[in-house]
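Heads up, the thing below is written out as structure tokens.
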2 protein chains.
Amino acid sequence: MDLSERKLSILKAVIDDYIMTGFPVGSRTISKKHGFELSSATIRNEMADLEELGFLDQPHTSAGRIPSHKAYRYYVDRMMKVARLNAAEAGKIRSYFEDRMSEIEQVMEKAAQVLSETTHQISMVLRPQLKQSLIKSIQMVKITERKAILLVVTNAGLVKDSVIVVPEGISSDYMEMISRLLTDKLSGKTLEDAEKDLITGLNENVRENSDLVDDIVEAIETSVEPHGRKGIVLGGTQNIIDFPAYMSVEKAKNFISVLESKDMLYDMMKKASQLEFSVTIGHENEAEELSDMSVVTATYKIGGKSLGSFGVIGPTRMDYSKIVSILGYVSNSLNSILSDFTEIGD
Amino acid sequence: MDLSERKLSILKAVIDDYIMTGFPVGSRTISKKHGFELSSATIRNEMADLEELGFLDQPHTSAGRIPSHKAYRYYVDRMMKVARLNAAEAGKIRSYFEDRMSEIEQVMEKAAQVLSETTHQISMVLRPQLKQSLIKSIQMVKITERKAILLVVTNAGLVKDSVIVVPEGISSDYMEMISRLLTDKLSGKTLEDAEKDLITGLNENVRENSDLVDDIVEAIETSVEPHGRKGIVLGGTQNIIDFPAYMSVEKAKNFISVLESKDMLYDMMKKASQLEFSVTIGHENEAEELSDMSVVTATYKIGGKSLGSFGVIGPTRMDYSKIVSILGYVSNSLNSILSDFTEIGD
DNA sequence: GTTAGCACTCAATCAAGTCGAGTGCTAACA
DNA sequence: TGTTAGCACTCGACTTGATTGAGTGCTAAC
């Protein structure tokens, strides 16, 4: 089935406009906004034809037209030009795939997940502040010809286990040598310091493998500041549709954007990590935006030290007793899991 | 500030009822549902007092009462009993923390995340079907006194890297021996078969360390069927609030529950993994529930073989051209990342 | 084939009216 | 003095009807 040139361009205009705006498109709009040299009446005639052919639908008599499923199909099959992504978007996608999660990171994600699913609220987890943890050892293990796993073990446990590519022909012995070298040089230092040291001090010893060194440095870097974002993991943001105060889509979006900026949450959670439990109700929240929300938090420990907090946020009408008991259980679970990471005895 | 016994129990009844139902609570409700031996009029008097004291609010003159923030605070501080979690809930929480993600799992999560954030739709990623991948080698590496990392390498790359606890006093040499033993015994087999073999065949050799064997079996188990759930990762479910068709909260919840059951999605994605790209619009979807949704999918390869698919789902009104180009880019990224996992040369 | 003109349609919006859950108050009762 | 029945009152939720205006289809002229 072939359409005339003109019908085609009108159809395309309708589809484009509707995809952009979401409102039914009228004949006048087409003739004005899309630069046709035709009057709205003419467009109307053509649109009537397109409707008869099944490409356009009319929600009701006096509304504009919207593309039918058939129109989308036609558009996808025959009219659509697939643009290349611009650099910014491509970069964004790439950066997502570039960082891996450490064991601890994973536990944080799991915690966020389980909290939101059991409480039906939005959950928040503050990542542990690892900058100051001390390195115990660094090991590289060859797993295939050109791949190795780098393990960074600190007094807060295993914080990084990432796959790195190694130059061909490196022996297991050589790797072990490097591992020992790294451990000697860095053990006892904080992750933060280690990062600096590595860049300046290591190159001489393994100059011939500077790519490898770069990979190692990068791995340690991302273990200090994973993702480079504020250290909050959110979970269950879809639960917002259960919040009665946000029946209006407008408000809900607004709140979501508050959550996503994360600054406010970060400050809150940071403060909360002082107290084993905290319940903040409505106006007690410092932030204006949260005056009809409640926040319940608890803390987790790594190596006996309270290193971070987690909790939920939701409407003041929440089942506090249940939530507190869940938080308590999760706190225990986290402490025991995280202490598993930490070795006893030093 | 102390309240009379009766006021207290009325306040508690209001809070409990309101937390349950979400509707303002009337005096009649209290006197009936909560088993008071008082008439509604008496309750009304008490409620009027409680309102004056600031514990109850009235949305408007002729409505029931809702607890004020002050009431919640009082409740949390003085009245609330924190129950112990029942076994089912505790179990659910524990099971979340029990499984770790393999490298590949992580990549899947990242893909879901980046897709939903760039397209503003709900994203779906089908986990690779690994049952049939062949084991290349198995290695255990001691990282601290009582911890080791178990690495399972297949022809689809590294599929599992989990921390396991080992009995005290096991030497690195002994571990290397076990690694070699496992590799000899299992290399060339599929993960599925390996699992069965392990349970029956290995115990004799390392009988004294049956806990260790159990851990290893479990690790391989979860790499075959991670999480034990249908193999779909969802992302960006909060984007549902941007779907105009789901302005009504009722419908939105309904759709979310369709998503969460996953059966339908699983079948769809499984089918989609045959085609490099697919666009399914509106009624073209087999499922009734999705007749006003469109699904766009693409596939990823591991070791040159198309092992899974991913895509987005949203209202038929979506920017197909942009979405297809994003999917294309993600497909390329995934292929190159996943082929990094796979070693060249066998 | 194109366009101006005009009657027509129908969702969206708003005002007025009705309904009913729940209240506060009063007076009687234990 | 505390409790209760009775009743007028309030006000949001819902219904109904009128109004508006964007956009159409059709006709007749160009």
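All values below were derived from every heavy atom in this structure, side-chain atoms included, with hydrogens, water molecules and symmetry-related copies excluded. So that the names make sense, note that chain A is the first sequence line, chain B the second, and so on, each numbered from 1.
Spacing between atom NE2 of A:H60 and atom P of C:dT9 amounts to 14 Å, rounded to whole angstrom units. Computed from coordinates, the B:M47 CE to C:dG22 P distance equals 10 Å when rounded to whole Å. Regarding B:R44, its CZ atom lies at a distance of 11 Å from the C1' atom of C:dA21, rounded to whole Å. Per the geometry, OH belonging to A:Y18 stands 14 Å off P belonging to D:dG23, to the nearest Å. In this structure, CD1 of B:I10 is placed 12 Å from P of C:dT23, rounded to the nearest angstrom. One atom, CD1 of B:I30, and another, C1' of C:dT23, lie 14 Å apart when rounded to the nearest Å. The interatomic distance linking A:Q58 (CD) with D:dA22 (P) rounds to 16 Å, in whole Å. The nearest whole Å value for the distance from the CG atom in A:L56 to the P atom in D:dG23 is 15 Å.
Applying the 4.0 Å criterion to OP1 and OP2 of C:dA21, one finds that B:R65 has every side-chain N and O outside that range. For B:S40 and C:dG22, the shortest distance from a side-chain N or O to OP1 or OP2 is not below 4.0 Å.
C:dC6 is paired with D:dG25 under the criterion used here, namely a Watson-Crick or G-U wobble arrangement in which both key atom distances are under 3.5 Å. Base pairing annotation: D:dC30 forms a Watson-Crick or G-U wobble pair with C:dG1, both donor-acceptor distances under 3.5 Å.
In the interface, the side chain of A:S62 is paired with the base of C:dT9 through a donor and an acceptor atom under 3.5 Å apart. Between the side chain of B:R28 and the base of C:dG22, no donor-acceptor pair under 3.5 Å is found.
In this structure, of C:dT23, C:dT3, D:dG25, it is C:dT3 that holds the atom nearest to the side chain of A:N45. Of the candidates D:dG25, C:dG24, C:dT2, D:dG25 carries the atom nearest the A:E51 side chain, counting heavy atoms from C-beta on. Of the candidates D:dT24, C:dT9, C:dG24, C:dT9 carries the atom nearest the A:T61 side chain, counting heavy atoms from C-beta on.
Counting non-hydrogen atoms of other residues, nucleotides and ligands closer than 6.0 Å to CD of B:E276 gives a total of 12 or fewer. Counting non-hydrogen atoms of other residues, nucleotides and ligands closer than 6.0 Å to CD of A:E286 gives a total of 12 or fewer.
Using cut-offs of 30° and 60° for the angle between ring planes, the B:H283 and A:H69 rings count as tilted.
When heavy atoms are screened at a 4.0 angstrom cut-off, B:E37 is found touching the sugar-phosphate backbone but no base atom.
Among A:R44, A:R6, A:K7, the single residue meeting the salt bridge (Lys or Arg N to Asp or Glu O under 4.0 Å) criterion with A:D49 is A:K7.
Between B:Y72 and A:Y320, the gap from one ring centroid to the other is short of 6.0 Å.
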